[in-house]
Amino acid sequence: MASQSFDMIVIGAGPGGYVAAIRGAQLGLKVACVEREHMGGICLNWGCIPTKALLRSSEIFHYMHRAKEYGLSAEKIGFDLDAVVKRSRGVAKQLNSGVTHLLKKNKVTSIMGDATITAKGKVSVKTEKGTEELTAKNIVVATGARARELPGLEADGDLVWTYKAALQPKRMPKKLLVSGSGAIGIEFASFYHTLGADTTVVEVMDRILPVEDEEISKFAKKQFEKQGLKIREKTMVKKLDRGQGKVTAHIEQNGKTTTEEFDTVISAVGIVGNVEGLGLEELGVKVERTHVVTDKHCRTGIEGVYAIGDVAGAPWLAHKASHEGVMVAELIAGGHPHAVDPDSIAGCTYCHPQVASVGLTEAQAKEAGYKIKVGRFPFIGNGKAIALGEPEGMVKTVFDEKTGALLGAHMVGAEVTELIQGYVVGRQLETTEEDLMNTVFPHPTLSEMMHESVLDAWGRAIHY
């Protein structure tokens, strides 16, 4: 039985965990990072990165079918699903190796195994070679989350998939049901529909992409339906009957239940935190709805124990986890870092068209008591968007009329997941409408729409 002592032990090597470990090491701390499955966690191996690789393939496939619009010709357009998946897994593997290298470079002790906090400052790790006993004044829980499975709708990897099976499909779905229209559900629906699957999306809420601004959700829905996606809102999958090569879904809408057959179902109804087997509750750490309860600096109620990333609750985003990792490492090292502000973290959905947002929606701003000014600018009024052949989209900005503060920004259309960062920086710097109006945006770019949306909030838009 080996025993080692550290300044900080990080449990989980996802984006939050490995970033916390590296930042801690940079600050002179002796750090161990324990991971039970994959370096890089869900994001690099089964989430953010491989899904974007898949979506890139479907995006190119989409444009190949539109070749004639661009004065080009493309014949016998097709795809090799196995090759598409192989490319996606290769991208994930490359980044997984990169995380291992970064930890080694920064002299972080990496341990593969199952970790349990046995007492304050003590972690026991079961590895292939036996059990290692680790001690540290500070323990950071960064164990992430996994797909939520509802009773009767559990995944089997054959007919009913969660994200893992959907990322490495054994076959191409012909008729697909996607339950849940958050980012995960919509991205998979977009990918498989683009490749030819007859796809239906079911959402229990009154609109798809329910965390987004209502106007943006409605715009996105209209574009999806134009492409042939079937969308059913205020609808719930109540039961799945599995047969030979088919699933009969019992779908409830407006109090009425109907049945429909599909050959594949993707369940994307949320996530649950990985809190089991860690010894958290025995230690006195408070857990609510499978997520660790923390303060704004990610401290639990137990001194020296922190929780970051998905296991610590919404927003469930890799970039939020990474910045929490930096914040906690700096706090442990004796610094005084600013808390991560959830309202200044952008959300991005990589469907077609893309959706991105930061800050308050129009409804949230009104509910918070602000007197607001709202600006909008359509892609059809932008020269670069027209040149790209992407005239469908919108940029929307929400301001506090009294102070000019940028309360929120919401976008739908080509490349908005890249554009949104401009508004994120603006919010971080406490930018006002005047600052944005006086900023010179390059031409011709999609970013000009950001400027025009701000101008429109004050009735000064030029190009529409």
Side-chain angles (χ1 to χ4, degrees), residues 46-47 50-51 54-55 57-58 61-62 78-82 84-85 88 146-210 217 220-271 349-352:
W46 299 104
T51 55
L54 291 180
L55 286 159
S57 293
S58 68
F61 186 68
H62 164 78
F79 65 89
D80 179 339
L81 185 61
D82 289 341
V84 169
V85 172
S88 170
R146 63 186 183 277
R148 180 185 298 278
E149 296 197 60
L150 301 179
L153 310 180
E154 294 90 352
D156 53 34
D158 179 22
L159 300 173
V160 184
W161 301 348
T162 59
Y163 57 84
K164 281 196 176 183
L167 278 168
Q168 44 183 3
K170 297 174 183 176
R171 55 181 168 75
M172 177 65 193
K174 294 178 181 177
K175 190 174 182 185
L176 172 66
L177 172 65
V178 178
S179 179
S181 74
I184 295 172
I186 285 294
E187 287 182 358
F188 278 124
S190 188
F191 171 73
Y192 282 108
H193 177 71
T194 299
L195 294 186
D198 178 3
T199 305
T200 299
V201 177
V202 167
E203 172 55 54
V204 70
M205 304 292 282
D206 61 356
R207 56 191 173 88
I208 60 166
L209 297 168
S217 292
K221 177 187 177 184
K222 188 176 179 181
Q223 297 308 308
F224 296 149
E225 290 181 331
K226 262 190 187 180
Q227 298 165 21
L229 264 173
K230 302 180 185 75
I231 293 174
R232 298 173 65 177
E233 296 159 326
K234 293 184 180 178
T235 305
M236 181 184 294
V237 179
K238 300 291 287 184
K239 182 183 173 186
L240 296 175
D241 294 330
R242 304 164 205 233
Q244 188 67 38
K246 68 178 182 179
V247 180
T248 301
H250 297 250
I251 303 172
E252 183 184 280
Q253 187 173 23
N254 299 322
K256 183 181 178 183
T257 300
T258 57
T259 60
E260 191 171 347
E261 282 189 4
F262 300 87
D263 62 74
T264 311
V265 177
I266 294 178
S267 178
V269 291
I271 62 174
T349 305
Y350 298 80
C351 44
H352 187 83

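Just so it is clear, the values below take in all heavy atoms, side chains as well, and ignore hydrogens, waters and symmetry mates. Numbers here are sequence positions counted from 1. The model shown is predicted, which means the values in this text are computed figures rather than measured ones.
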Check whether any side-chain heavy atom of [X] sits under 4.5 Å from a side-chain heavy atom of [Y], and report yes or no.
X: Pro210; Y: Ser217; answer: no
X: Leu81; Y: Pro169; answer: yes
X: Leu177; Y: Val247; answer: no
X: Ser267; Y: Leu150; answer: no

task: Check salt bridge (charged side-chain N to carboxylate O under 4.0 Å, His left out) between Glu261 and all other residues, then give those that pass, not counting sequence neighbours.
output: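 Checked Glu261 against salt bridge (charged side-chain N to carboxylate O under 4.0 Å, His left out); matches are Lys246.
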For Glu203, all residues meeting salt bridge (charged side-chain N to carboxylate O under 4.0 Å, His left out), sequence neighbours excluded: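 Salt bridge (charged side-chain N to carboxylate O under 4.0 Å, His left out) list for Glu203, sorted by chain: empty.
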Do you know the tightest heavy-atom contact between [X] and [Y]?
X: Leu55; Y: Ser58; result: O-OG, 2.9 Å
X: Phe79; Y: Leu195; result: CE2-O, 3.3 Å
X: Val237; Y: Ser179; result: CG2-OG, 4.0 Å
X: Asp241; Y: His250; result: OD2-NE2, 2.6 Å
X: Ser88; Y: Pro50; result: OG-O, 2.9 Å
X: Ala166; Y: Tyr192; result: O-OH, 2.6 Å

To the nearest 0.5 angstrom, please state how far the [atom1] atom of [X] sits from the [atom2] atom of [Y].
X: Phe188; Y: Thr51; atom1: CZ; atom2: OG1; value: 6.0 Å
X: Glu252; Y: Asn254; atom1: CD; atom2: CG; value: 9.0 Å
X: Ile208; Y: Glu225; atom1: CD1; atom2: CD; value: 7.5 Å
X: Tyr350; Y: Ile186; atom1: OH; atom2: CD1; value: 15.5 Å
X: Thr199; Y: Phe224; atom1: OG1; atom2: CZ; value: 12.0 Å
X: Glu187; Y: Tyr163; atom1: CD; atom2: OH; value: 13.5 Å

Flag, side chain of [X] to backbone of [Y], donor-acceptor distance under 3.5 Å:
X: Asp156; Y: Asp158; result: yes
X: Thr235; Y: Glu233; result: yes
X: Gln223; Y: Lys221; result: no
X: Ser190; Y: His352; result: yes

Matching residue for Asp198 among Lys174, Lys230, His193 - test: side chain to side chain contact (heavy atoms under 4.5 Å, CB included): Lys230
task: Determine, step by step, whether Leu54 and Val84 satisfy the side chain to side chain contact (heavy atoms under 4.5 Å, CB included) criterion, reporting the C-alpha distance in whole Å, the side-chain angles of both residues, the deciding distance to 0.1 Å, and the verdict.
output: CA-CA 7 Å; Leu54 291 180; Val84 169; 3.7 Å; yes
message: Under the criterion side chain to side chain contact (heavy atoms under 4.5 Å, CB included), I'd like the reasoning laid out for Lys256 against Thr258: C-alpha separation, chi angles, the key distance, then a yes or no.
response: CA-CA 7 Å; Lys256 183 181 178 183; Thr258 57; 4.3 Å; yes
query: In terms of side-chain geometry, is the basic nitrogen of Arg171 or Asp263 positioned less than 4.0 Å from the acidic oxygen of its partner?
result: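 So Arg171 pairs with Asp263 through a salt bridge.
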task: Step through the shown structure and confirm whether more than 12 heavy atoms of other residues, nucleotides or ligands are within 6.0 Å of CE on Met205.
output: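 Count not over threshold, so no.
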